[in-house]
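In this text, all values refer to a predicted model and were calculated from it rather than measured experimentally. In what follows, residues are counted from 1 in the order of the sequence shown. Atom set for the values below is all heavy atoms of this structure, side chains included, hydrogens, waters and symmetry mates excluded.
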Amino acid sequence: MSHTHNRIRPAAVAGLFYPDSPSELKASIQNYLQQAPEPQDTPPLAIIAPHAGYIYSGPIAASAYKQILPVADKIKQVVLLGPSHRVPLRGIATPDADYFETPLGTIKINTQLCQQFESLPFVTPSYEAHQQEHSLEVQLPFLQSILHDFQLIPLVVGECPAEAVAELLETVWNRDDTLVVISTDLSHYNHYEIAQKIDRQTSTAIEQLHPEQIHYDNACGRNPLNGLLTLAIKKNLSINTLDLRNSGDTAGSKDRVVGYGAYAVH
């Protein structure tokens, strides 16, 4: 098979959501990781992390990614799920690409596992769904900074029942070499105090595994998130909050904030 036709999905939001200079990008991620709390004793099976511009959500995302450091050499593949912001989407989209590219280099897509997922009735390849999607892309430099040698299974989740997402996740669950990452922000554009209240309620719903309490206004990535919570109920998993802040805490005004949470699944 000829390798001259590798399909690469280039970075869409470098220079917008995060630095497009590799050295600057590396330095900012290292800086966020250094400031994050130390890893807990048990490494997580999955993490939940936000996907805004790094000046807003980078420190919160780092709280989740730092938990992976002790097992970084074991993880060979990452199943990454985030919501669709740019195109209306039913079901779940695989990327129809061989590599994703960021300023830190290319990441190989596990096309075999993507094809395996495509045998599920609600999973289809879509170049368009991935082309401009930032919810997955902003996670990639963190993964590239922490993991050594991994393949990526990037999945954009549109309108999709939580049970379907849970069914997909269950096929890769509890593998030592696999990390699941759910990308979601919390509430959008409320005043600081109101956002804190809503996001605390959402955090409690995540920790207590109540997907039915998490709606579109509470978390833009509610579809992948609620799929994980549905699996967590079935598998008796526990989820704990690592970090809960909003853009008013990091780099924005307090009158219209976006909420960010970082969580570990055990």
(request) Please check if Ile48 and Ile68 belong to a single hydrophobic cluster, counting links between Ile, Leu, Val, Met, Phe, Trp and Tyr side chain heavy atoms closer than 4.5 Å. (result) no
(message) For a quick test of reading the model, state the closest non-hydrogen atom pair linking Thr250 to Ile55 and the distance between them.
(response) CB-O, 3.6 Å
(message) Main chain of Ile153, side chain of Asn110: is a donor-acceptor contact present, judged purely on distance under 3.5 Å?
(response) no
(message) Is the shortest side-chain heavy-atom distance between Tyr65 and Leu143 below 4.5 Å?
(response) yes
(message) As an exercise, state the distance from CD1 of Ile60 to CG of Leu242, rounded to the nearest 0.5 Å.
(response) 11.5 Å
(request) Kindly say whether Pro59 contributes a backbone atom to a donor-acceptor pair with the side chain of Gln35 at under 3.5 angstrom? (result) no
(message) What I'd like to find out is whether the side chain of Thr230 reaches to under 4.5 Å of the side chain of Val165, using heavy atoms alone.
(response) no
(message) Tell me if a side-chain donor or acceptor on Arg9 pairs with a main-chain N or O of His130 at a distance below 3.5 Å.
(response) yes
(request) Answer yes if the side chains of Gln116 and Thr171 hold a donor-acceptor pair under 3.5 Å, and no otherwise. (result) no
(request) Compare every heavy atom of Ala195 with every heavy atom of Val257, then report the nearest pair and how far apart it is. (result) CG2-CB, 3.3 Å
(request) Go through the side-chain N and O atoms of Asp249 and Tyr192 and say whether any donor and acceptor fall under 3.5 Å apart. (result) yes
(request) Give the intermediate values and the outcome of side-chain contact (heavy atoms from CB on, under 4.5 Å) for residues Thr178 and Val79. (result) CA-CA 7 Å; Thr178 304; Val79 181; 3.9 Å; yes
(message) Around atom CZ of Arg175, are there more than 12 heavy atoms from other residues, nucleotides or ligands closer than 6.0 Å?
(response) yes
(message) For Glu159, is there an ion pair with Arg222 - N to carboxylate O distance below 4.0 angstrom?
(response) yes
(message) When you compare the side chain of Pro95 with that of Cys114, does any pair of heavy atoms fall below 4.5 Å?
(response) yes
(request) Mind running side-chain contact (heavy atoms from CB on, under 4.5 Å) on Lys66 and Tyr32 for me, showing each step along the way? (result) CA-CA 9 Å; Lys66 193 156 181 181; Tyr32 296 138; over 6 Å; no
(message) Under 6.0 Å from the ring centre and within 45 degrees of the ring axis: does the NZ or CZ of Arg256 meet both conditions for the six-membered ring of Tyr189?
(response) yes
(request) Determine whether Pro83 and Asn223 make a side-chain contact, defined as any pair of heavy atoms from C-beta on separated by less than 4.5 Å. (result) no
(message) Can you confirm whether Lys26 is buried at NZ, in the sense that more than 12 heavy atoms of other residues, nucleotides or ligands lie under 6.0 Å from that atom?
(response) no
(request) Using only heavy-atom distances, determine whether the side chains of Ser203 and Tyr263 contain a donor-acceptor pair under 3.5 Å. (result) yes
(message) Checking the side chain of Arg7 only, and the main-chain atoms of Asp96 only, is there a donor and an acceptor separated by less than 3.5 Å?
(response) yes
(request) Would you name the heavy atoms of Pro70 and Gln67 that are closest together and state the gap between them? (result) CD-O, 3.4 Å
(request) Tell me whether the centres of the aromatic rings in Phe142 and Tyr18 are closer together than 6.0 Å. (result) no
(request) Give the minimum heavy-atom separation between Pro22 and Pro103, together with the two atoms involved. (result) CG-O, 3.5 Å
(request) Answer with yes or no whether the hydrophobic clustering places Leu225 together with Trp173; edges join I, L, V, M, F, W, Y residues whose side-chain heavy atoms lie under 4.5 Å apart. (result) yes
(request) Report the distance from atom NZ of Lys234 to atom CD of Glu170, rounding to the nearest 0.5 Å. (result) 3.5 Å
(request) Check whether any side-chain N or O of Ser84 sits under 3.5 Å from a backbone N or O of Val87 as a donor-acceptor pair, and report yes or no. (result) yes
(request) Check whether more than 12 heavy atoms from other residues, nucleotides or ligands sit under 6.0 Å from atom OH of Tyr56, and answer yes or no. (result) no
(request) Can you measure from CD1 (Ile194) to NZ (Lys254) and round to the nearest 0.5 angstrom? (result) 14.0 Å
(message) How long is the straight-line distance from CG of Leu140 back to OG1 of Thr106, given to the nearest 0.5 Å?
(response) 11.5 Å
(request) Determine whether the side chains of His51 and Ser183 contain a donor N or O and an acceptor N or O closer than 3.5 Å. (result) yes
(message) Applying the side chain to side chain contact (heavy atoms under 4.5 Å, CB included) criterion to Leu80, which one of Leu152, Leu155, Val156, Leu179 satisfies it?
(response) Leu152
(message) Looking at Asn240, I'd like to know if its CG atom is crowded, meaning that more than 12 non-hydrogen atoms belonging to other residues, nucleotides or ligands lie closer than 6.0 Å.
(response) yes
(request) Evaluate whether atom CD of Gln112 has more than 12 neighbouring non-hydrogen atoms of other residues, nucleotides or ligands under 6.0 angstrom away. (result) no
(message) Nearest 0.5 Å, please: how far is NE2 in His85 from CG in Asp185?
(response) 6.5 Å
(request) Kindly say whether Gln77 contributes a backbone atom to a donor-acceptor pair with the side chain of Asp177 at under 3.5 angstrom? (result) no
(message) With a 4.5 Å cut-off on side-chain heavy atoms, are Thr184 and Cys220 touching?
(response) yes
(message) Quick check against the 3.5 Å criterion: does Gln208 have a side-chain atom that pairs as donor or acceptor with the backbone of His210?
(response) no
(request) Would you confirm whether His188, through its side chain, and Leu186, through its main-chain N or O, come within 3.5 Å as a donor-acceptor pair? (result) yes
(message) Less than 4.5 Å apart, side chain to side chain, heavy atoms only: is that true for Pro211 and Ile233?
(response) yes
(request) Establish, yes or no, whether the cationic atom of Lys108 lies under 6.0 Å from the six-membered ring centre of Tyr99 and within 45° of the ring axis. (result) yes
(request) Without swapping roles, check the side chain of Asn226 against the backbone of Ile214 for a donor-acceptor pair under 3.5 Å. (result) yes
(request) Could you tell me whether the side chain of Ile206 reaches within less than 4.5 Å of the side chain of Thr241, counting heavy atoms only? (result) no
(request) Please confirm whether the backbone N or O of Val13 pairs with a side-chain atom of Glu137, one donor and one acceptor, at under 3.5 Å? (result) yes
(request) Using a cut-off of 6.0 Å, state whether more than 12 heavy atoms not belonging to Asp255 lie near its atom CG. (result) yes
(message) With a 4.5 Å cut-off on side-chain heavy atoms, are Ile29 and Tyr54 touching?
(response) yes
(request) Might you point out which heavy atoms bring Gly227 and Ala166 nearest each other, and give the distance in Å? (result) O-CB, 3.4 Å
(request) Working to the nearest 0.5 Å, report the span between CG of Leu229 and CG of Leu237. (result) 10.0 Å
(request) Walk me through it: do Val265 and Ile239 pass the test side-chain contact (heavy atoms from CB on, under 4.5 Å)? (result) CA-CA 4 Å; Val265 183; Ile239 303 185; 3.9 Å; yes
(request) Report the C-alpha separation of Ile75 and Ile146 in whole Å, then their side-chain angles, then the decisive distance to 0.1 Å, and conclude whether the side-chain contact (heavy atoms from CB on, under 4.5 Å) test is met. (result) CA-CA 10 Å; Ile75 292 169; Ile146 286 176; over 6 Å; no
(request) Following the transitive rule for hydrophobic clusters with a side-chain heavy-atom cut-off under 4.5 Å over Ile, Leu, Val, Met, Phe, Trp and Tyr, establish whether Phe150 and Ile47 coincide in one cluster. (result) yes
